[in-house]
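Each chain gets a letter, A, B and so on, in the order the sequences are listed, and its residues count up from 1.
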Number of protein chains: 2
Amino acid sequence: MSYQNEITIKMEFKEAKNKFVQTWGALGSQWGINKTMAQIHALLMVSHEPVSMEDIMEELQISRGNASMNLRALMDWGIVYKEYKAGERREFFTAEKDLDELAVKISRERSKREIKPALKVLKEVSSIQSDNTEAEKHFVDQTTKLYDFVLKADNVLDKITEYKDNWLAKLVVKIMK
Amino acid sequence: MSYQNEITIKMEFKEAKNKFVQTWGALGSQWGINKTMAQIHALLMVSHEPVSMEDIMEELQISRGNASMNLRALMDWGIVYKEYKAGERREFFTAEKDLDELAVKISRERSKREIKPALKVLKEVSSIQSDNTEAEKHFVDQTTKLYDFVLKADNVLDKITEYKDNWLAKLVVKIMK
DNA sequence: TTAAACTTTCAAAAAAAAATGAAAGTTTGT
DNA sequence: ACAAACTTTCATTTTTTTTTGAAAGTTTAA
């Protein structure tokens with residue numbers, strides 16, 4: 001294989017990697033996760049070896065502070081880990097690469113951070129006493145239904161996390177009967 | 001019941017409604033849906049009767065343009081409907097109130113708008129030819145796994161929408177064995 | 001056809017969220 | 001204990017997203 005070809009292939013890889021990172025970042029934005037956080041995660045997901053903060057900054061063209069804060073956030077979510085290399089002073093980072101484990105962790109965190117607090121409010125507002133106007137009856141009825149629905153959906157997520165290994169495949173089989 | 005009590009109860013209702021609308025709006029933000037859009041949806045969800053644009057503007061303290069654009073977006077999502085009242089010039093709006101139907105519509109739209117395009121990119125980037133470096137092998141391997149995973153997850157959503165009635169309850173039963 | 005009663009559009013303004021970078025903090029080897 | 005090598009913090013700046021509001025557009029009734 002010629003030198004020219006080798007360069008061509010290398011470019012292709014870099015382009016593909018970049019496209020993946022950009023796409024994952026954009027998807028993150030649409031799901032309420034900040035772009036850089038999603039990009040760092042994407043980068044670590046497809047990196048063979050642990051990556052230093054310096055390299056992350058370089059590849060994504062972001063500042064040290066930005067990298068630091070988003071890595072911290074990813075570690076708080078439990079989907080990125082710090083690693084220490086023997087004889088190396090600086091820290092390296094790796095992403096959770098097992099996709100089932102990743103899904104489980106994201107589900108758990110979103111449940112804890114967002115769904116549980118929302119449930120609390122739903123319970124609260126659906127508990128106003130009111131057998132008065134139609135409007136009030138409808139409000140209580142609708143928020144109660146919403147509470148039940150969200151609670152059930154949240155429990156499904158909980159159950160899913162118990163399956164751990166291969167829950168998605170099992171789920172597909174069951175759903176399809 | 002005294003006049004004073006009636007006022008007290010009315011206030012409680014308004015407070016509860018307001019709290020619900022605010023909470024739903026905040027939840028929307030965290031999930032990549034703009035606050036006003038989520039608030040309008042919340043308002044319509046718990047409203048007994050169709051609501052005019054004027055009333056939405058008044059209750060949420062937003063401009064005409066904002067109300068118009070977000071109502072349009074909600075209708076594009078298929079979860080809010082225009083209604084015409086006999087003899088009335090202006091338009092009224094109602095939300096999809098059946099929660100199963102709501103979940104189905106949101107799933108379908110997010111699949112179409114976000115997941116399908118992401119899948120296309122995943123397929124593309126995982127298809128670079130490369131049996132060269134470890135880094136490239138890992139990239140192809142990981143993006144291929146991600147493609148399979150996202151595809152499966154997306155299919156689960158599709159299957160769920162076929163169940164339509166009560167899919168959630170059935171799912172819970174199945175999951176729990 | 002006209003005008004009143006509405007709704008929609010979109011350029012500009014405002015608000016919210018994210019990123020920067022320099023100073024402060026921490027850790028490790030000598 | 002010191003200083004080199006690194007990371008974190010946070011006030012400020014930048015970018016992105018959302019909102020406004022006035023002009024343009026539409027519909028309906030007379």
Side-chain angles (χ1 to χ4, degrees), chain A residues 21-44 50-77 80-94 110 113-114, chain B residues 21-44 50-77 80-94 110 113-114:
Chain A
V21 169
Q22 295 306 320
T23 303
W24 214 238
L27 204 63
S29 303
Q30 289 173 312
W31 283 83
I33 289 142
N34 106 37
K35 196 184 65 179
T36 304
M37 191 169 153
Q39 286 181 341
I40 293 177
H41 183 248
L43 182 63
L44 295 179
V51 185
S52 70
M53 203 160 96
E54 209 70 36
D55 287 345
I56 292 171
M57 288 164 58
E58 166 66 24
E59 281 221 53
L60 302 180
Q61 290 291 302
I62 58 173
S63 70
R64 188 170 295 285
N66 196 6
S68 174
M69 291 186 96
N70 281 296
L71 279 166
R72 153 60 55 111
L74 284 164
M75 289 188 293
D76 287 348
W77 275 74
V80 160
Y81 314 111
K82 241 184 211 169
E83 284 200 5
Y84 298 95
K85 281 194 188 173
E88 277 273 16
R89 182 71 170 272
R90 68 215 156 118
E91 299 165 341
F92 291 82
F93 301 89
T94 346
R110 290 220 118 165
R113 295 177 193 212
E114 295 149 19
Chain B
V21 169
Q22 296 305 320
T23 304
W24 214 238
L27 203 63
S29 304
Q30 289 173 313
W31 283 84
I33 289 143
N34 105 34
K35 196 184 65 178
T36 303
M37 191 170 153
Q39 286 182 339
I40 294 178
H41 184 249
L43 182 62
L44 295 179
V51 185
S52 70
M53 203 159 95
E54 209 70 37
D55 288 344
I56 292 171
M57 287 163 60
E58 166 67 23
E59 282 221 52
L60 302 180
Q61 290 291 302
I62 57 172
S63 71
R64 190 170 293 286
N66 196 4
S68 175
M69 291 185 96
N70 281 297
L71 279 166
R72 153 61 54 112
L74 284 164
M75 289 188 294
D76 287 349
W77 276 73
V80 161
Y81 314 112
K82 240 183 210 171
E83 284 199 6
Y84 299 94
K85 280 193 189 172
E88 277 272 17
R89 183 70 168 272
R90 67 217 157 118
E91 299 165 341
F92 291 82
F93 302 89
T94 346
R110 291 219 118 165
R113 295 176 192 213
E114 294 148 19

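- For N66(A), the side-chain contact (heavy atoms from CB on, under 4.5 Å) partners are T36(A), I62(A), S63(A), N70(A), not counting sequence neighbours.
- L44(A) and F93(A) get closest at one heavy-atom pair: CD2-O, 3.6 Å.
- Salt bridge status for R64(B) with E54(B): present, with a side-chain N to carboxylate O gap under 4.0 Å.
- S52(B) and R90(B) get closest at one heavy-atom pair: OG-NH1, 3.6 Å.
- Of the side-chain N and O atoms in K82(A), one or more sit less than 4.0 angstrom from OP1 or OP2 of dT8(D).
- Distance, E83(A) CD to dT7(D) C1': 18 Å, rounded to whole Å.
- Cation-pi geometry between R72(A) and W77(A) is not met at under 6.0 angstrom from the ring centre and within 45 degrees of the axis.
- Summarising the geometry, the separation between NZ on K85(B) and P on dA5(C) is reported as 19 Å, rounded to the nearest angstrom.
- When rounded to the nearest whole Å, the span between CD of E54(B) and P of dT7(C) equals 7 Å.
- In this structure, E88(B) places its CD atom where more than 12 heavy-atom neighbours from other residues, nucleotides or ligands lie under 6.0 Å away.
- Between R72(A) atom CZ and dT7(D) atom P there is a gap of 13 Å when expressed in whole angstrom units.
- Between M57(B) and A67(B), the shortest heavy-atom contact is CG-CB, 3.9 Å.
- Distance M53(B) CE to dC6(C) P: 11 Å, rounded to the nearest Å.
- The interatomic distance linking Y84(B) (OH) with dT7(C) (P) rounds to 10 Å, in whole Å.
- Distance I56(A) CD1 to dC6(D) P: 15 Å, rounded to the nearest Å.
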Counting primed atoms plus P, OP1 and OP2 as sugar-phosphate and everything else as base, spell out the protein contacts along nucleotides 11-19 of chain C at 4.0 Å heavy-atom distance: B, S or - for each nucleotide, 5' to 3'. -------SS
Counting primed atoms plus P, OP1 and OP2 as sugar-phosphate and everything else as base, spell out the protein contacts along nucleotides 22-30 of chain D at 4.0 Å heavy-atom distance: B, S or - for each nucleotide, 5' to 3'. -----BB--
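- Atom pair M57(B):CE and dT18(D):C1' shows a separation of 16 Å (rounding to whole Å applied).
- Other residues, nucleotides and ligands place more than 12 heavy atoms under 6.0 Å from the CD atom of E83(A).
- Here the shortest heavy-atom pairing between D76(A) and R113(A) reads O-NH2, 3.7 Å.
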